[in-house]
Novice: 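Could you have a look at this structure, given as C-alpha cells, before my questions?
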Amino acid sequence: MTNIIQVPKFLTSAVFYKILVKQINFQRPYHRNSNPMILDFSETSQIEPLAVSNLLCMGKLILGETGTKIVVRIPETFQAGELKFYMNEIGFTKYAYGSEGVFEFETSPYNGLKGKKIDPLSGTMRFSADLTKSQVASGINGFLKPFAEQYLKSYMEYSEEEGGYINKIEHFLRETVNNCCEKGKSDSFMTIHARYRDRKIYMAISDTGRGFLQSWNETEKDIEKIEDEAKKREEKEAVEAAERLLLDGRKPKNELEAILCGLNKRKTSKIYGLSSVIKETLKSNGLIRIHSNNVQMIFTPKWKDAILEQPRTLMQNYGFQKYNTIGDLEFKGAHIEIEIPF
C-alpha cells in the first residue's frame, strides 16, 4: 500500500475536505515513523488561503495522535519555487517547518524561493491554548487592524460593554479564539489574505478542539464558572432561547443542530456571535463555511433570509441539505471560513 498522497494542482478548501481529509483518514492507521504519510506537492501550483489553517491543524492533529509528523514533499522545480514562496509569505512555513513545526519536510522549504511579494494584508497566526483573553485580543487587533480600517468599515458597531466602537469581525474572531482556548483547550490557527486579484478577503480560523456539539452540551458547566451574575444570567437565557427556537427546548443531538444553535445563540445582539457576522457577510454577497468534526455547512446569500429569520426551516429544507450541507468529513475540531468581496 502506497503511503503517498498526491495533492491536486489547486489546493482549495473544497479539495482539502473532499480529497485530502478522506485520504489522510484512510492512511491514518498505517502512519508511523518507519512509514509516514507523504503529502506530495509535485503537481501543486496554488494553495487557497482558506486551506492553510486547516492544513496546519491536520498536521498538528496527526502529530498529536501518533507522535509522527506527516512528510511534505516539494520538488526542486521552478513551479515548486513559486509554491514555496507563497507558503512562506502566507505564514504556512513558519508553523509547519522545523523542530516546532507540525510537518516534516523532505527538503528545505526555503530552497529556490521564486515569486513576487504577495498582497501586504496577509498572514497566519497561531494562538496557544494558554493565552489570556487580553493576549488574544491584542494579537488579533494588531493582525486585523489594517484589514478592518481599509475594508471592514461596514462591520463597525458601537458596544456599550466595550465603551466605544468595535469591529464585529474582530470581536467574533476574538470570541472564537477564546472559545478554542477556554472550552476546546486547543491551539488554533488563523489565516487572512486580502487578495487583490480576486477582490476578496479570505479569513479562516481552525482548531483541533471539541467542536460545536460537545462544546454546546457542556455550556451549562461553563456558565456556572462565570462570576458576574448578570453575565451568567445573560448566557443562560441566550442558550435557552436558541434551544427553544430551533429544538423545542431540547439539547442538540448532532453537529448540524449545534452549529445552528451557535449561530442563533446571540441573535438579538448587534455585536456578538455568528449571527451578526453572517448577516453582514451575506449582505456583502460573501459566504461562510463552518465545519465541526464531521459535517460542514455553507452559508450563501441565497439562504440569507432563512438563515437569519427562519433557521429552523434549514434542517428540513431539501435544497439546503443537498447543496449546503456536507457530511462524512471526519476532521476533529471547529473550522470557520469567511469570504468577503471588496
Side-chain angles (χ1 to χ4, degrees), residues 13-14 16-18 20-22 24-25 28 50-66 102 126-131 136 172-191 203-223 225 235 238-239 242-243 246-247 250-266 272-275 277-278 288-299 307 311 314-315 321 324-338:
S13 171
F16 173 83
Y17 281 107
K18 292 180 181 179
L20 291 193
V21 166
K22 293 186 177 182
I24 289 172
N25 285 337
R28 232 182 188 124
L50 295 176
V52 171
S53 292
N54 281 343
L55 196 57
L56 288 167
C57 268
M58 181 61 83
K60 179 178 179 295
L61 186 63
I62 297 297
L63 174 61
E65 288 181 354
T66 68
V102 295
R126 180 175 184 169
F127 297 90
S128 62
D130 58 357
L131 289 180
V136 169
F172 165 71
L173 292 175
R174 280 166 47 186
E175 192 173 65
T176 303
V177 172
N178 282 324
N179 185 67
C180 297
C181 297
E182 294 178 358
K183 296 183 180 181
K185 303 298 181 184
S186 167
D187 291 3
S188 57
F189 293 95
M190 183 175 71
T191 299
M203 292 181 281
I205 184 165
S206 186
D207 71 55
T208 57
R210 300 180 298 180
F212 276 75
L213 181 61
Q214 185 178 349
S215 294
W216 185 272
N217 287 334
E218 295 180 4
T219 297
E220 292 180 0
K221 297 178 183 178
D222 297 325
I223 291 176
K225 297 176 184 178
E235 284 293 307
V239 168
E243 291 175 347
L246 291 159
L247 307 170
R250 66 171 172 81
K251 297 293 181 185
K253 296 179 180 179
N254 54 52
E255 297 290 349
L256 175 63
E257 291 181 349
I259 290 172
L260 289 173
C261 281
L263 188 158
N264 285 274
K265 181 182 174 184
R266 288 174 173 173
Y272 303 102
L274 278 170
S275 182
V277 173
I278 287 179
I288 294 182
R289 303 180 191 90
I290 302 175
H291 175 270
S292 183
N293 286 329
N294 60 8
V295 67
Q296 184 184 59
M297 298 183 71
I298 304 171
F299 301 96
I307 291 167
L314 295 176
M315 293 185 288
Q321 293 290 331
N324 293 68
T325 303
I326 306 172
D328 192 27
L329 298 175
E330 294 293 339
F331 177 32
K332 183 182 178 183
H335 318 98
I336 301 174
E337 304 167 8
I338 304 173

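We number each residue from 1, following the sequence as shown.
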Novice: Quick one: CG on Leu55 to OG on Ser13, what's the gap to the nearest 0.5 Å?
Specialist: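 Those atoms lie 11.5 Å apart.
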
Novice: Does any part of the side chain of Phe331, heavy atoms only, come nearer than 4.5 Å to the side chain of Leu61, both counted from C-beta?
Specialist: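 Yes, close enough: below the 4.5 Å cut-off.
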
Novice: Checking Phe189 now: which residues fulfil ring-ring contact (aromatic ring centres under 6.0 Å, His included) with it, not counting sequence neighbours?
Specialist: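 Partners of Phe189 under the ring-ring contact (aromatic ring centres under 6.0 Å, His included) test: Tyr95.
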
Novice: Report yes if the side chains of Leu213 and Pro252 come closer than 4.5 Å at any heavy-atom pair, otherwise no.
Specialist: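 A side-chain contact under 4.5 Å exists here.
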
Novice: What I want to find out is whether Glu243 reaches Arg250 closely enough, with some N-O distance under 4.0 Å, to be called a salt bridge.
Specialist: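 Looking at Glu243 and Arg250, the cut-off is not met.
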
Novice: Checking the side chain of Asn324 only, and the main-chain atoms of Ile298 only, is there a donor and an acceptor separated by less than 3.5 Å?
Specialist: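 Pair found, side chain donor or acceptor close to backbone of Ile298.
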
Novice: Does a side-chain heavy-atom distance below 4.5 Å link Leu256 with Leu314?
Specialist: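 No. Closest side-chain heavy atoms not under 4.5 Å.
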
Novice: Any chance you could measure Ile336, atom CD1, to Ile259, atom CD1, to the nearest 0.5 Å?
Specialist: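 These two atoms lie 8.5 Å from each other.
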
Novice: As an exercise, state the distance from CG of Leu247 to CD of Glu257, rounded to the nearest 0.5 Å.
Specialist: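 The CG atom of Leu247 sits 5.0 Å away from the CD atom of Glu257.
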
Novice: Decide yes or no for Phe16 and Val21: does some side-chain heavy atom of the first lie under 4.5 Å from some side-chain heavy atom of the second?
Specialist: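 The answer is yes; the side chains approach within 4.5 Å.
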
Novice: Counting C-beta onward and ignoring hydrogens, is there a side-chain heavy-atom pair between Ile205 and Phe127 closer than 4.5 Å?
Specialist: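 The answer is no, as the side chains (C-beta and beyond) never meet within the 4.5 Å cut-off.
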
Novice: Evaluate the side-chain proximity of Asn254 to Val295: yes if any heavy-atom separation is below 4.5 Å, no if none is.
Specialist: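 No, too far: nothing below the 4.5 Å cut-off.
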
Novice: Starting at NZ of Lys332, measure out to CZ of Arg210 and round the result to the nearest 0.5 Å.
Specialist: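 Going from NZ on Lys332 over to CZ on Arg210, the span is 10.5 Å.
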
Novice: Which pair of heavy atoms, one from Ala242 and one from Cys261, lies closest together, and at what distance?
Specialist: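 That would be CB-O, 3.8 Å.
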
Novice: Can you name the nearest heavy-atom pair linking Ser128 to Asp130, along with the distance?
Specialist: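 Taking every non-hydrogen atom into account, OG-OD1, 2.6 Å.
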
Novice: Donor-acceptor pair, distance only, cut-off 3.5 Å: does the side chain of Ser53 make one with the backbone of Ser206?
Specialist: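 Looks like no, no N/O pair under 3.5 Å.
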
Novice: What distance do Glu255 atom CD and Ile290 atom CD1 have between them, rounded to the nearest 0.5 Å?
Specialist: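 Going from CD on Glu255 over to CD1 on Ile290, the span is 11.5 Å.
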
Novice: Do any N or O atoms from the side chain of His291 and from the backbone of Leu329 form a donor-acceptor pair under 3.5 angstrom?
Specialist: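 Yes.
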
Novice: Under 3.5 Å, is there a donor on one side chain and an acceptor on the other for Gln214 and Asn293?
Specialist: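 Not at all, the side chains of Gln214 and Asn293 share no donor-acceptor pair under 3.5 Å.
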
Novice: Check whether any side-chain N or O of Asp207 sits under 3.5 Å from a backbone N or O of Gly333 as a donor-acceptor pair, and report yes or no.
Specialist: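 Absent.
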
Novice: Please identify each residue that fulfils salt bridge (charged side-chain N to carboxylate O under 4.0 Å, His left out) with Glu65, with sequence neighbours left out.
Specialist: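 Expected list: Arg28.
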
Novice: Can you tell me how far apart CD (Glu337) and CG (Asn54) are? Round to the nearest 0.5 Å.
Specialist: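 Here the interatomic distance stands at 5.5 Å.
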
Novice: Would you say that Arg289 contacts Leu50 through its side chain, given a criterion of any heavy-atom pair below 4.5 Å between the two side chains?
Specialist: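 Answer yes - side chains close enough.
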
Novice: Hey, mind stepping through Met297 and Phe212 against side chain to side chain contact (heavy atoms under 4.5 Å, CB included) and telling me if it holds?
Specialist: CA-CA 12 Å; Met297 298 183 71; Phe212 276 75; over 6 Å; no

Novice: Within a strict 4.5 Å, meaning less than it, do heavy atoms of the Leu56 and Lys60 side chains meet?
Specialist: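 No, side chains not in contact.
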
Novice: Taking only residues two or more places apart in sequence or in another chain, which ones pass side-chain hydrogen bond (donor to acceptor under 3.5 Å, both in side chains) with Lys18?
Specialist: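 Here no residue qualifies.
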
